[in-house]
Amino acid sequence: MLLQFSVKNFRSIKEKVVLSLEGSSDKNLSSNFFQINKSKILNSIAIFGANASGKSNIFLALTAAILTVRLSNNRQIGEPLPFIEPFAFDKVSIKEPTEFEFVFIANNGIKYVYGFSATRIQIIKEYLYAFTSNKASTIFERDETANKKYRFTSNELKAKLNPIVERNTVNKLFLATAASWNCEEVTAPLLWFQSGINTYGSKLNTVFAPASLMFEKDNDGSLKEFTKQILREADINISDYTFESREVLNNSIPNFIVKENGLNVLSKEYRISMKHEIVKDDGTIETYELALNS
């Protein structure tokens with residue numbers, strides 16, 4: 001079960017944000033918790049905040065981190081990490097790695113801390129700690145910027161994991177690679193990512209599809225002006241947008257069905273980009289353009 005999740009430099013999240021499911025000593029918690037040893041774990045939590053304050057991006061960060069772990073062993077040499085999206089409204093942050101960290105209890109009853117940082121092309125840092133007592137013990141630490149990239153705290157672990165280091169690549173997580181080579185010390189944490197946690201998001205494309213026809217037929221620009229006015233009143237730093245549509249081949253329809261029924265294999269693809277105006281510390285305004293689904 002998840003105890004805590006933190007993320008830094010992801011989408012609209014620039015500084016570190018922590019989501020905790022560990023209850024305090026507050027007696028007003030009522031029955032919204034269960035006890036594990038001396039810890040109170042919340043059954044449910046809610047996130048409140050203003051529009052466009054980043055609430056949804058916390059869950060998108062969870063999804064990105066989980067999928068990066070799950071799909072790590074499928075990644076080919078040189079293949080990018082598709083779920084890494086650094087904060088784009090800063091020329092420094094966009095070049096820095098995105099950071100994720102999980103604190104959780106796996107099915108074996110052991111509490112783990114697992115984290116990694118990554119750019120779109122490689123893993124930068126990665127670590128796994130286990131609480132087999134009151135003090136955390138290091139299973140492995142990885143730092144691709146250091147001379148000694150991998151660190152193991154015991155000779156037994158070093159002897160077992162060192163050969164696997166040679167089989168890992170810079171764009172793969174060592175947790176997943178070691179688990180695929182049956183390293184028992186990392187099996188329970190990897191299985192937790194596979195089946196112990198999940199996220200469920202909204203389907204933006206499905207929601208937008210009916211409205212897209214209206215935007216496509218906005219020949220006089222009246223709908224665009226109306227939409228821009230609503231965006232300004234919402235006060236979410238969107239000054240303008242661009243809307244594009246094009247016909248693409250619908251590969252989901254088998255060829256024999258197309259031939260027998262005379263179906264049109266062309267479908268529409270839409271691209272919407274939002275223009276954000278960001279006021280810098282010196283008072284100047286910089287404009288950034290981001291795709292709606294980013």
Side-chain angles (χ1 to χ4, degrees), residues 9-14 50-64 67-68 71 75 78-96 98 118-121 199-255 257-259 261-280 284-294:
N9 194 28
F10 178 80
R11 292 172 68 94
S12 67
I13 302 170
K14 182 179 180 182
N51 289 338
S53 60
K55 301 184 297 295
S56 298
N57 283 337
I58 294 176
F59 292 98
L60 289 174
L62 262 170
T63 303
L67 290 178
T68 300
L71 302 176
R75 199 164 295 120
E79 186 178 341
L81 285 77
F83 308 112
I84 304 301
E85 300 182 55
F87 183 78
F89 294 162
D90 184 274
K91 293 179 181 178
V92 175
S93 297
I94 198 169
K95 298 177 182 178
E96 293 181 341
T98 298
T119 65
R120 288 190 173 109
I121 60 174
T199 60
Y200 303 90
S202 61
K203 299 194 178 204
L204 178 62
N205 292 338
T206 303
V207 174
F208 184 77
S212 60
L213 295 176
M214 296 172 57
F215 284 90
E216 194 171 24
K217 296 178 180 179
D218 183 32
N219 297 321
D220 62 357
S222 58
L223 180 58
K224 180 170 185 175
E225 287 305 314
F226 174 73
T227 304
K228 286 168 62 177
Q229 179 63 30
I230 291 177
L231 292 171
R232 284 192 292 268
E233 292 181 3
D235 192 25
I236 52 178
N237 292 331
I238 297 178
S239 60
D240 200 355
Y241 72 91
T242 58
F243 174 86
E244 300 173 357
S245 67
R246 67 188 183 101
E247 290 186 332
V248 295
L249 287 175
N250 189 342
N251 295 322
S252 64
I253 306 177
N255 286 332
I257 295 179
V258 173
K259 292 178 180 179
N261 297 277
L263 296 178
N264 184 3
V265 295
L266 292 177
S267 61
K268 286 292 181 69
E269 179 182 82
Y270 301 101
R271 175 180 171 82
I272 306 97
S273 297
M274 298 297 188
K275 294 183 179 180
H276 300 255
E277 290 186 349
I278 305 299
V279 180
K280 311 303 287 186
T284 58
I285 297 176
E286 291 187 357
T287 301
Y288 295 83
E289 187 168 326
L290 296 180
L292 182 62
N293 62 350
S294 65

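Hydrogens, waters and symmetry mates play no part in the numbers below; they use all other heavy atoms, side chains included.
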Between [X] (side chain only) and [Y] (backbone N and O only), is there a donor and an acceptor less than 3.5 Å apart?
| X | Y | answer |
| --- | --- | --- |
| Asp218 | Leu223 | yes |
| Arg120 | Pro80 | no |
| Asn9 | Pro86 | no |

Output the distance between atom [atom1] ([X]) and atom [atom2] ([Y]), rounded to the nearest 0.5 Å.
| X | Y | atom1 | atom2 | value |
| --- | --- | --- | --- | --- |
| Lys224 | Asp240 | NZ | CG | 4.5 Å |
| Leu231 | Met274 | CG | CE | 5.5 Å |
| Ile272 | Thr227 | CD1 | OG1 | 11.5 Å |
| Thr199 | Phe59 | OG1 | CZ | 9.5 Å |
| Asp90 | Glu286 | CG | CD | 9.0 Å |
| Ile13 | Ile58 | CD1 | CD1 | 5.0 Å |

Worksheet item: Are any non-hydrogen side-chain atoms of Thr242 and Lys275 less than 4.5 angstrom apart?
Response: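 The answer is yes; the side chains approach within 4.5 Å.
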Worksheet item: Do the non-hydrogen side-chain atoms of Leu60 and Phe10 ever get within less than 4.5 Å of each other?
Response: yes
Practice prompt. Write down the atom of Ile84, the atom of Thr98, and the distance for their closest heavy-atom approach.
Written response: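 Looks like CG2-OG1, 3.5 Å.
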Item to complete: Write down the atom of Ala88, the atom of Ile94, and the distance for their closest heavy-atom approach.
Response: CA-CD1, 4.0 Å
Fill in: By side chain to side chain contact (heavy atoms under 4.5 Å, CB included) - contacts of Glu244 (at least two apart)
Arg271
